[in-house]
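Right, one structure below, let's go through it.
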Amino acid sequence: MSALAPAARIGPNAITRVAQALQVLLGAAAAQRVFERAQLAHYLAVPPSSMVDEAEVQRLHQALRAECDAATVRCVARLAGKHTGDYLLAHRIPRAAQVVLCALPSRLATRVLLAAISRHAWTFAGGGIFTAQPGRPLRLRIVHCPLCAGRTARAAVPQCDYYAATFERLLTRLVDRRIRVVEVLCEAAGDAACEFEARW
């Protein structure tokens with residue numbers, strides 16, 4: 001990256017919802033340990049309300065993996081993703097649009113929702129590239145995934161439960177409650193991209 005290139009930025013939910021999930025599942029002391037390790041303890045006192053540097057999100061998820069066992073990391077990340085989806089439904093997706101999406105046939109609702117997610121991918125993918133391929137299963141893909149950047153060891157299993165849970169929350173609420181989202185490829189595990197399948 002050029003010294004003059006601006007840092008990629010991500011919406012604050014990638015930090016605030018992790019804090020919320022940690023506090024709910026493990027308590028305030030555990031949240032403090034993780035955020036201190038990530039050098040982000042100031043965000044526990046004053047949560048960010050605007051876009052944050054992608055590097056801060058990377059540090060937070062690295063710290064979470066360093067402080068917690070794999071099962072706990074997955075639980076925290078999934079709860080944070082669910083809370084992010086709830087926030088988007090409450091504050092970012094107009095109620096009228098939600099009513100329309102819920103009334104549409106699932107295939108059409110999927111296409112409309114994917115178009116909206118793609119337009120706003122810069123808010124969650126940071127410097128990554130998001131693409132979506134409609135169908136059954138629906139495929140969502142992030143190249144240069146910010147949650148996987150900076151890893152020094154290859155992961156045994158996919159690591160992006162935060163994204164999987166966020167996508168699942170939106171799809172189950174706006175398209176079909178039977179949908180489940182599974183990460184099938186992950187850059188952290190050595191794959192060329194992080195890929196998620198939404199299965200009915």
Side-chain angles (χ1 to χ4, degrees), residues 1 6-22 25-26 30-31 33-40 43 47-48 50-88 117-118 120-132 138-171 180-198:
M1 178 182 291
R9 302 186 73 76
I10 294 180
N13 278 300
I15 287 178
T16 58
R17 304 307 156 195
V18 172
Q20 182 181 4
L22 277 167
L25 294 174
L26 302 178
R33 285 196 304 273
V34 171
F35 272 71
E36 284 181 354
R37 187 176 189 122
Q39 300 177 346
L40 297 173
Y43 281 147
S50 59
M51 303 290 284
V52 298
D53 191 321
E54 179 183 88
E56 294 183 324
V57 176
Q58 292 167 357
R59 292 205 312 271
L60 177 57
H61 284 264
Q62 289 166 3
L64 178 63
R65 290 190 287 264
E67 286 287 332
C68 303
D69 63 77
T72 301
V73 170
R74 184 168 195 181
C75 289
V76 170
R78 289 200 67 85
L79 183 57
K82 174 182 175 293
H83 286 322
T84 296
D86 288 339
Y87 176 88
L88 296 173
I117 292 174
S118 296
H120 295 89
W122 60 275
T123 65
F124 64 83
I129 301 168
F130 173 82
T131 56
L138 161 68
R139 298 183 189 279
L140 309 168
R141 183 179 172 95
I142 303 174
V143 178
H144 305 308
C145 177
L147 301 190
C148 297
R151 290 187 63 96
T152 57
R154 180 172 293 189
V157 296
Q159 299 289 297
C160 305
D161 294 287
Y162 171 75
Y163 283 135
T166 302
F167 295 144
E168 184 174 288
R169 189 63 167 170
L170 295 177
L171 287 163
R180 294 296 176 265
V181 176
V182 178
E183 187 178 15
V184 294
L185 298 173
C186 186
E187 291 178 350
D191 297 308
C194 295
E195 187 168 303
F196 307 83
E197 286 186 356

Polar contact flag, side-chain donor to acceptor under 3.5 angstrom, Arg17-Gln20: yes
[atom1]-[atom2] distance between [X] and [Y], expressed to the nearest 0.5 angstrom:
X      : Y      : atom1 : atom2 : value
Tyr163 : Phe124 : OH    : CZ    : 7.0 Å
Asp86  : Leu170 : CG    : CG    : 9.0 Å
Leu26  : Glu67  : CG    : CD    : 10.5 Å
His83  : Thr166 : NE2   : OG1   : 11.0 Å
Leu25  : Thr72  : CG    : OG1   : 8.5 Å
Arg33  : Leu22  : CZ    : CG    : 9.5 Å

Geometric class of the Phe130/Phe167 ring pair [parallel <30°, tilted 30-60°, perpendicular >60°]: tilted
Quick one: does [X]'s side chain have a donor or acceptor within less than 3.5 Å of a partner on [Y]'s backbone?
X      : Y      : result
Glu54  : Gly127 : yes
Gln58  : Ala149 : no
Glu187 : His144 : yes
Gln159 : Ala188 : no

Note, Val57 side chain near Val18 side chain (heavy atom, < 4.5 Å): no
Contact between Pro146 and Ile10 at the side-chain level, heavy atoms closer than 4.5 Å - yes or no? yes
Test side-chain contact (heavy atoms from CB on, under 4.5 Å) on Thr16 and Tyr87; report intermediate values, then the result. CA-CA 11 Å; Thr16 58; Tyr87 176 88; over 6 Å; no
With a 4.0 Å cut-off on N to O distance, would you call Glu168 and Arg78 a salt bridge? yes
Among Val181, Leu140, Val184, find the residue that satisfies the side-chain contact (heavy atoms from CB on, under 4.5 Å) test when tested with Glu197. Val184
Which heavy atom of [X] sits nearest a heavy atom of [Y], and at what distance?
X      : Y      : value
Ala63  : Val34  : CB-O, 3.5 Å
Thr123 : Met51  : CA-CE, 3.9 Å
Cys186 : Cys160 : SG-SG, 4.0 Å
Arg59  : Gln39  : NH2-O, 3.7 Å

Given Leu138 and Leu171, is the side-chain contact (heavy atoms from CB on, under 4.5 Å) satisfied, shown in steps? CA-CA 11 Å; Leu138 161 68; Leu171 287 163; 4.0 Å; yes
Can you check side-chain contact (heavy atoms from CB on, under 4.5 Å) on Tyr162 and Asn13, steps first, answer last? CA-CA 11 Å; Tyr162 171 75; Asn13 278 300; 3.9 Å; yes
Walk me through whether Asp161 and Glu183 qualify under side-chain contact (heavy atoms from CB on, under 4.5 Å). CA-CA 7 Å; Asp161 294 287; Glu183 187 178 15; 5.8 Å; no
